[in-house]
Amino acid sequence: MAFALSLEALVQLTGGQLVRGNPDLSFHGVAALDAAGPDEVSFLGNEKYRAQFLETRAGVVILPPGINAGPQATALISAANPSLAFAAVVRHFSTGTRELQPGIHPRAIVEPGAILNPTNVRIHPGAVIMTGATIGDGTEIGPNAVIGEEVTIGNDCRIMANVSIRERCRIGNRVILQPGCVIGSDGYGYELHEGKHIKIDQVGIVEINDDVEIGANSTIDRARFGKTVIGQGTKIDNLVQIAHNVVIGSHCLVVSQSGLAGSSKLGNYVTVAAQAGVGGHVTVGDRATLIGRAGVTASVPGDETYAGKPALPMREEMKLQAHVRRLPKLIERVKALEKSIARPD
Amino acid sequence: MAFALSLEALVQLTGGQLVRGNPDLSFHGVAALDAAGPDEVSFLGNEKYRAQFLETRAGVVILPPGINAGPQATALISAANPSLAFAAVVRHFSTGTRELQPGIHPRAIVEPGAILNPTNVRIHPGAVIMTGATIGDGTEIGPNAVIGEEVTIGNDCRIMANVSIRERCRIGNRVILQPGCVIGSDGYGYELHEGKHIKIDQVGIVEINDDVEIGANSTIDRARFGKTVIGQGTKIDNLVQIAHNVVIGSHCLVVSQSGLAGSSKLGNYVTVAAQAGVGGHVTVGDRATLIGRAGVTASVPGDETYAGKPALPMREEMKLQAHVRRLPKLIERVKALEKSIARPD
Amino acid sequence: MAFALSLEALVQLTGGQLVRGNPDLSFHGVAALDAAGPDEVSFLGNEKYRAQFLETRAGVVILPPGINAGPQATALISAANPSLAFAAVVRHFSTGTRELQPGIHPRAIVEPGAILNPTNVRIHPGAVIMTGATIGDGTEIGPNAVIGEEVTIGNDCRIMANVSIRERCRIGNRVILQPGCVIGSDGYGYELHEGKHIKIDQVGIVEINDDVEIGANSTIDRARFGKTVIGQGTKIDNLVQIAHNVVIGSHCLVVSQSGLAGSSKLGNYVTVAAQAGVGGHVTVGDRATLIGRAGVTASVPGDETYAGKPALPMREEMKLQAHVRRLPKLIERVKALEKSIARPD
């Protein structure tokens, strides 16, 4: 099913009425009234946006019955509940809610010994499914993604373009892997021997539990032994580094460009904001928050917000930063003291 | 056309004269006199480099007429203007200036419904062009790159190996995407509902305007609604994160490993140096510069340089840092005061 | 050869004796006694772990002769030296020690003019070897990896899935490139001309010497002229950025998410910890260590540990940080002084 919608298809999709507009028009996305362009769909869900509506450049607007005029170039569709009708359009453009169109593309490469039901999965062209890999029903493997030997992937997952999953890793159900992320690369481990760094075999795996999402070009290393674990419902943003033997609990948020060093542990509902870091073998307690750039170098309890490097409870760090910012004043005060002592009244 | 140049081809390319050298030699790159090796081309453009020339290990040197001797293993070509002749060699090795060799490789995958003129584009093996995608004339799609459904790419673009562009995104003219970058991954947006992070549909797109370059493995998220915008002539380095609904103006420089959070805005001619960050919904004014590691957490006006986190105008931040570095002295002064008061003269 | 091991295969591999267990069992990995699950192999190498053994959930345990009982669901294999026997199992699951199974997959794309011996290399499906590229004996090219024109790769290398190596770069022997890394992307170089950033041709290459490893999704830019160099035995972690014309010495460690700016130089045995940065044209001496987040903005001598930004010798930086943390006390002391002067006894 294509994304682009003709005006007619839009009327059908929304269950609305065409007020006016050229039936040859076609639309490629959705946007707010003040941001939409001629090939986008917008909506008037609330009277307070009437002024925005009158100036919109949207190609078509879904609005309540009874409005027949608007910007000249804008087609109009009336619907009893414009917000609801618009939600249907959003769903149409969302890949997350699209129905799976099963099938194995003739230019996909499914090695003998891969386990999948061709009528219940979709394998895009250029994808490589190596021997012994298992792909669950309802799962989609994007173009040029690589699923390594004996990898298991659960049901209803979306593995996007150019993802790499190395051998033996395990992916749960309803997992989303954005393009380019790497699961199961070798942990970074060497032993210095006679002046050379000798690689330590990394024979563990990565286990990604149900309902996890991993961002574009993020990297998750396999464990030395055992497994690196991403807990259920945890959401990881783009360009995040998760080192070997890390264990992340359930329902955590790990924001872009942050990094968790080897064998670190996050509890449940932990938030790690952008560009933050957690040191090796450090534990962060349940419901803790690390603000952006925080650097946690020793284990910290949960239910607290941390900032700075080395990270302190946020209030303490903020106080210290305030003191630093008042240093010029402090220096003035010391100068004044020196003067008053040098030349006492 | 191969890159490697025989001595004969080099003479032709430069319009020079062979002074001496084995015609069977072949060269694979260019370098300065003091850095070049036996399979590289160098040049003597200025008398002041004569000493370097006499010690060069270059395989061949382009030099002014009248010089017939040099290091024994080095071939010599004379040219009226050695700098100009060398520039032609540089152009030969530059992929940016190579003429497009049109054609669709038999092992490329162009889905029915993709729109392109096979005699005016080059599609490399393993590239996947999905249905409804449009590829402009003069554009090259690298090996194993993935161009999603209904993506539009303008003219004279270079989309390199293993790039992923997701559905409906729009790329202008003369855009360069270095290997592995991801355009149009989902924005990082969830709503906490009964203890679970529920994914918010990301139905917007990414719009990349003319003359933009995006570095290797950088990631640009699609907007929730509407679009994430990269303005004309903006250059983005490697491993940069651009979140959903970010709007970057024209002619900005965004250096490696920096990150722009959701809905942040850069004006025109803004420079964001390496490992810097801009917070969500923050605006940075025209011609502002963020130095390396700066962290901008609130909107800042243009025509100013910012440093530190939270970022301050550079001069203020430098003063504060200087105060911090002089803290030991300040402590000494306070100690002296305490002494002089405890034992007043 | 598959990874999964039947109980019987495990007995053979270890040269042990089956004490008990269902021969239909099969195992997919290794783990410590307290971490192993029902499909993993563990071992009892030391009496002090006996308590862990009695509570293990491992599918099978290799143990010394004479122990015939253990957790009910756990199979048992006895071996004279359980540690040695377990090491053989680890080797089995390690891809690094597996024997090369030569061959070119029919769905790999080897362009005419590529130089390789099909009986001595392994090229996986979807890999693209472009014209003029040379692949040494014993080297494996992963699925959907792209090897550019005239690239040379030495012997016994492992180039993993979705790696991109651009034209003319040179890779030594026994080099490991983890999935998604990019070698030879253009350096970030522009000249501002009439308000536009004009791209400077990047015609150099990347040279990676013997025994180097590069992590997942790391990026190494080609030189403007000449070459970006990674010295012998240097190990680079995930998501690291190496800019154009950087020269890294031998046996360095460059940890995840750190970045080296253009023309910076590392000596030998330098350690750059996570999220650290080295400025453009800066040199770091032999055996120096930059701790996590250190930012080196001017050249520093070797045999020293550096911290902070701008980086100082670690001891100095730690002192300054201690002073900052004691600022509240200093302010109290100044207050006390002010009071005692205002109301002298």
Side-chain angles (χ1 to χ4, degrees), chain A residues 109 111 113 126 128 130-132 144-146 148-150 162-164 166-168 180-182 185-186 188 190 195-197 199 201-205 217-219 221 223 225-227 239 241 243 257 259 261 275 277 279 295 297 309-310 319-320 323-324 326-327 330 333-334 336-337 340-341, chain C residues 2-4 28-32 35-37 40 89-97 105 107 124-126 142-144 160-162 176 178-180 211 213 215-217 233-235 237-239 251 253 255-257 269 274-275 292-293 321 324-325 327-328 330-331 334-335 337-338 341 344:
Chain A
I109 298 151
E111 293 282 48
V128 175
M130 297 186 76
T131 187
N144 289 346
V146 175
E149 292 179 47
E150 299 182 25
N162 282 320
V163 164
S164 306
R166 277 188 51 190
E167 67 278 4
R168 299 191 289 119
C181 70
V182 174
S185 36
D186 281 343
Y188 188 73
Y190 306 92
K196 294 180 179 180
H197 301 291
K199 185 174 175 72
D201 284 335
Q202 305 287 320
V203 297
I205 62 164
N217 283 348
S218 285
T219 57
D221 280 350
F225 291 128
K227 48 199 181 188
L239 293 172
Q241 152 73 353
Q257 296 180 319
Q275 299 183 338
T297 52
K309 171 171 185 289
K319 262 189 211 165
L320 284 183
H323 287 321
V324 168
R326 285 196 300 260
L327 264 179
L330 185 66
R333 285 162 67 185
V334 170
L337 282 167
S340 79
I341 282 179
Chain C
F3 288 100
H28 298 86
V30 296
E40 287 173 318
V89 183
V90 168
R91 263 198 310 280
H92 168 84
F93 283 108
S94 162
T95 54
T97 53
H105 194 281
R107 302 289 285 273
H124 284 276
N144 289 345
M160 299 197 188
N162 282 319
I176 300 172
Q178 296 288 334
D211 300 304
E213 177 161 4
N217 283 346
T234 283
K235 312 297 187 183
D237 200 353
N238 298 344
L239 293 171
H251 310 297
L253 298 173
V255 184
S256 69
Q257 296 181 319
Y269 293 102
Q275 299 184 338
R293 289 274 177 87
Q321 292 309 322
V324 168
R325 269 151 214 268
L327 264 179
L330 185 66
I331 291 166
V334 170
K335 251 189 217 162
L337 283 167
E338 287 168 339
I341 281 178

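Treat the numbers as computed from the prediction; the structure is a model and nothing was measured. Just so we're on the same page: letters track the sequence lines, and every chain starts at 1.
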Query raised in the report: Should A/Arg166 and C/Thr95 count as side-chain neighbours, where that means a heavy-atom distance under 4.5 Å?
Result: yes
Query raised in the report: Considering all heavy atoms of both residues, which atom of C/Glu213 and which atom of A/Tyr190 are nearest to each other, and what is their separation?
Result: OE1-OH, 3.0 Å
Report task. Assess whether side chain to side chain contact (heavy atoms under 4.5 Å, CB included) is satisfied between C/Asn238 and A/Tyr188, documenting all intermediate values. Result -> CA-CA 8 Å; C/Asn238 298 344; A/Tyr188 188 73; over 6 Å; no
Query raised in the report: Who pairs with C/His124 by ring-ring contact (aromatic ring centres under 6.0 Å, His included), at least two apart in sequence or on another chain?
Result: none
Query raised in the report: So, for C/Arg325 and A/Pro310, which heavy atoms are closest and what is the spacing to 0.1 Å?
Result: NH2-O, 3.2 Å
Query raised in the report: Any side-chain heavy-atom pair from C/Leu327 and A/Leu330 closer than 4.5 angstrom?
Result: yes
Requested in this report: Identify which part of C/Ile176 has an atom lying under 4.5 Å from any heavy atom of chain A, answering side chain, backbone, both or neither.
Outcome: side chain
Query raised in the report: For the side chain of A/His197 and the backbone of C/His251, is there at least one donor-acceptor N/O pair under 3.5 Å apart?
Result: yes
**Report entry** Side chain proximity check, C/Asp237 to A/Asp221, heavy atoms < 4.5 angstrom
**Finding:** yes
Query raised in the report: By side-chain hydrogen bond (donor to acceptor under 3.5 Å, both in side chains), which residues pair with C/Arg91, not counting sequence neighbours?
Result: none
**Report entry** Nearest non-hydrogen partners of A/Ala145 and C/Asn144, listed with the distance
**Finding:** O-ND2, 4.0 Å
Query raised in the report: With a 4.5 angstrom heavy-atom cut-off, which part of C/Ala4 approaches chain A: side chain, backbone, both or neither?
Result: both
Query raised in the report: For the residue pair A/Val203 and C/Phe93, what are the closest heavy atoms and their distance?
Result: CG1-C, 3.9 Å
Query raised in the report: Which heavy atom in A/Glu150 sits nearest to a heavy atom in C/Phe3, and how many Å separate them?
Result: OE2-N, 2.7 Å
Report task. Could you check which of A/Gln257, A/Gln202, A/Lys227 has the highest count of heavy-atom pairs closer than 4.5 Å to chain C? Result -> A/Gln257
Query raised in the report: For C/Leu239, is it the side chain, the backbone, both or neither that has a heavy atom under 4.5 Å from a heavy atom of chain A?
Result: side chain
Requested in this report: May I ask you to check whether A/Glu111 and C/His105 show a side-chain donor-acceptor distance below 3.5 Å?
Outcome: yes
Query raised in the report: For C/Ala274, is it the side chain, the backbone, both, or neither that has a heavy atom closer than 4.5 Å to a heavy atom of chain A?
Result: neither
Query raised in the report: Looking just at side-chain N and O atoms, do A/Ser164 and C/Asn162 make a donor-acceptor pair shorter than 3.5 Å?
Result: yes
Report summary line: Nearest heavy-atom approach of C/Asn217 to A/Gly180 is ND2-O, 3.1 Å
Query - Atom group of C/Ala35 that falls short of 4.5 Å from chain A, counting heavy atoms - result: neither
